[in-house]
Amino acid sequence: DYFVRKPWIGGNWKSNGSVAANQERVTTLNSIPHEDPPVDVVVFPTFVHIPKVIEQLTVPIEVGAQNCSRTNEGAFTGEISAKMLKEMGVKWILCGHSERRQLFYENDECIAEKVEKVLDCNIVAVICIGETLEERNAGKSIEVCMRQLNAVILKITDWSKIVIAYEPIWAIGTGVVASPEVAEQVHQEIRAFLQTQVSNEVAQKTRLVYGGSVNAANCEDLILKPNIDGFLVGGASLKPEFNSIVTKVR
Ligand code: PGA
């Protein structure tokens, strides 16, 4: 089928991990049987842990970065560029995670610059969007998501290098997962937006994943929805439970 979207599951380890803890996680990941149907599985360790995790993985799971610089290399103290990450074997980079937006003051413009740098390196940008609880209660969820998408859309030259993660902030790390209906409704709106703003083909082919308190118990109901193509998993990706999520989604 021309428009089949391969499921995508990311494990966002956030600012967690140590050489020993990661080794244990990778050992668990290495026990995931890789069989049909295919699924993309990506883990996102901290920058410093990336090379070791790549070295230790023995199954076809890829490694991504949680962030990158908005600049190319140069006099930008403390920054890590997409090109450096590419050389280290990174295939995916999260752009605009809500923790970056809220705690590190990344605005739409900054995130758009990062998406541009990521695509310049032929790395997949996993663009994270989502509203706060206040915005949801004010009926502004869709408006906020579309504003966040609009800010990056002009930087996107190759849509095969994009995954969009809908991560409502009220669901992240709270244990309050969005219901399959709520998540599906936003994903439908995102797909409709892509259809009108980009093309039908892009709308049908781009993977839209959900994030926010996903676990092994709630992932099955969510993945049944036609516009939910996978998950970005935080807390549960640090546990052996992540293997069950992969198995259940496949
Ligand atoms: P959570 O985090 O699964 O712990 O809610 C998701 C994320 O922030 O990507």
Side-chain angles (χ1 to χ4, degrees), residues 7-17 21-22 25 28-29 39-47 49-50 53 61-68 90-106 111 114-115 118 124-133 135-136 141 144-145 148-149 152 162-180 182-184 186-187 190 207-223 225 228-249:
W8 188 94
I9 304 170
N12 176 9
W13 293 359
K14 307 195 179 184
S15 195
N16 294 292
N22 291 354
R25 280 178 197 127
T28 306
L29 291 170
V39 53
D40 281 333
V41 182
V42 186
V43 291
F44 297 82
T46 72
F47 287 131
H49 295 114
I50 286 171
V53 170
I61 291 179
E62 293 189 319
V63 176
Q66 300 166 22
N67 184 26
C68 71
V90 161
K91 303 275 170 56
W92 312 76
I93 300 181
L94 303 183
C95 297
H97 188 280
S98 64
E99 286 149 18
R100 301 297 321 165
R101 293 178 192 262
Q102 292 201 310
L103 304 172
F104 303 99
Y105 312 108
E106 292 189 10
I111 293 156
K114 292 186 178 193
V115 169
V118 170
V124 182
V126 181
I127 300 169
C128 305
I129 60 171
E131 80 284 1
T132 63
L133 183 60
E135 288 161 342
R136 169 150 291 265
S141 306
V144 169
C145 291
Q148 292 171 339
L149 279 180
V152 295
I162 298 292
V163 170
I164 295 173
Y166 169 56
E167 297 207 299
I169 292 166
W170 47 270
I172 295 181
T174 58
V176 183
V177 66
S179 70
V182 163
E184 171 67 9
V186 178
H187 285 222
I190 296 169
R207 287 174 293 181
L208 310 181
V209 304
Y210 166 79
S213 296
V214 172
N215 60 35
N218 60 33
C219 67
E220 280 170 301
D221 287 342
L222 286 158
I223 202 71
K225 293 295 179 189
I228 299 179
D229 305 316
F231 303 110
L232 183 54
V233 184
S237 74
L238 298 169
K239 307 183 219 163
E241 187 178 352
F242 189 70
N243 284 27
S244 318
I245 298 175
V246 173
T247 312
K248 287 179 172 181
V249 166

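Atoms within a ligand are numbered from 1 in the order they appear, just like the ligands themselves. Numbers here simply count residues along the sequence, with the first being 1.
Ring planes of Y166 and H187: perpendicular class, angle over 60° (limits at 30 and 60°). Between Y210 and F231, the ring planes lie perpendicular to each other; the angle is over 60°, past the 30° to 60° tilted range.
Not a single N or O atom of A236, backbone or side chain, sits closer than 3.5 Å to an N or O atom of ligand 1. Considering backbone and side-chain N/O atoms, G173 comes within less than 3.5 Å of an N/O atom of ligand 1. The shortest N or O to N or O distance between V233 and ligand 1 is not under 3.5 Å. In terms of polar-atom proximity, defined here as any N/O pair under 3.5 Å, K14 does make such a contact with ligand 1.
Side chain of E241 to backbone of A216: a donor-acceptor contact under 3.5 angstrom is found. Between the side chain of Q66 and the backbone N or O of F44 there is at least one donor-acceptor pair closer than 3.5 Å. With hydrogens and angles disregarded, a donor-acceptor distance shorter than 3.5 Å links the side chain of R25 to the backbone of L238. In this structure, the side chain of N22 does not engage the main chain of P45 through any donor-acceptor pair within 3.5 Å. The closest donor-acceptor contact from the side chain of E135 to the backbone of T132 lies under 3.5 Å.
Among H97, E99, E167, the residue whose heavy atom sits closest to atom 8 (O) of ligand 1 is H97. Distances from atom 3 (O) of ligand 1 to the heavy atoms of S98, G234, C128 show the closest one on G234.
Put simply, no part of G211 is less than 4.0 Å from ligand 1, judged by heavy atoms.
Contact annotation: for I172 versus ligand 1, heavy atoms closer than 4.0 Å belong to both the backbone and the side chain. Under 4.0 Å from ligand 1, the heavy atoms of A171 that appear belong solely to its backbone.
The N12 neighbourhood of ligand 1 comprises atoms 9 (O), with distances under 4.0 Å to a heavy atom of that residue. Applying the 4.0 Å criterion to heavy atoms of G212 picks out, from ligand 1, the atoms 5 (O). Against a heavy-atom cut-off of under 4.0 Å, G235 is close to the following atoms of ligand 1: 1 (P), 3 (O), 4 (O).
In this structure, R136 pairs ionically with E131, as a charged nitrogen and a carboxylate oxygen lie closer than 4.0 Å.
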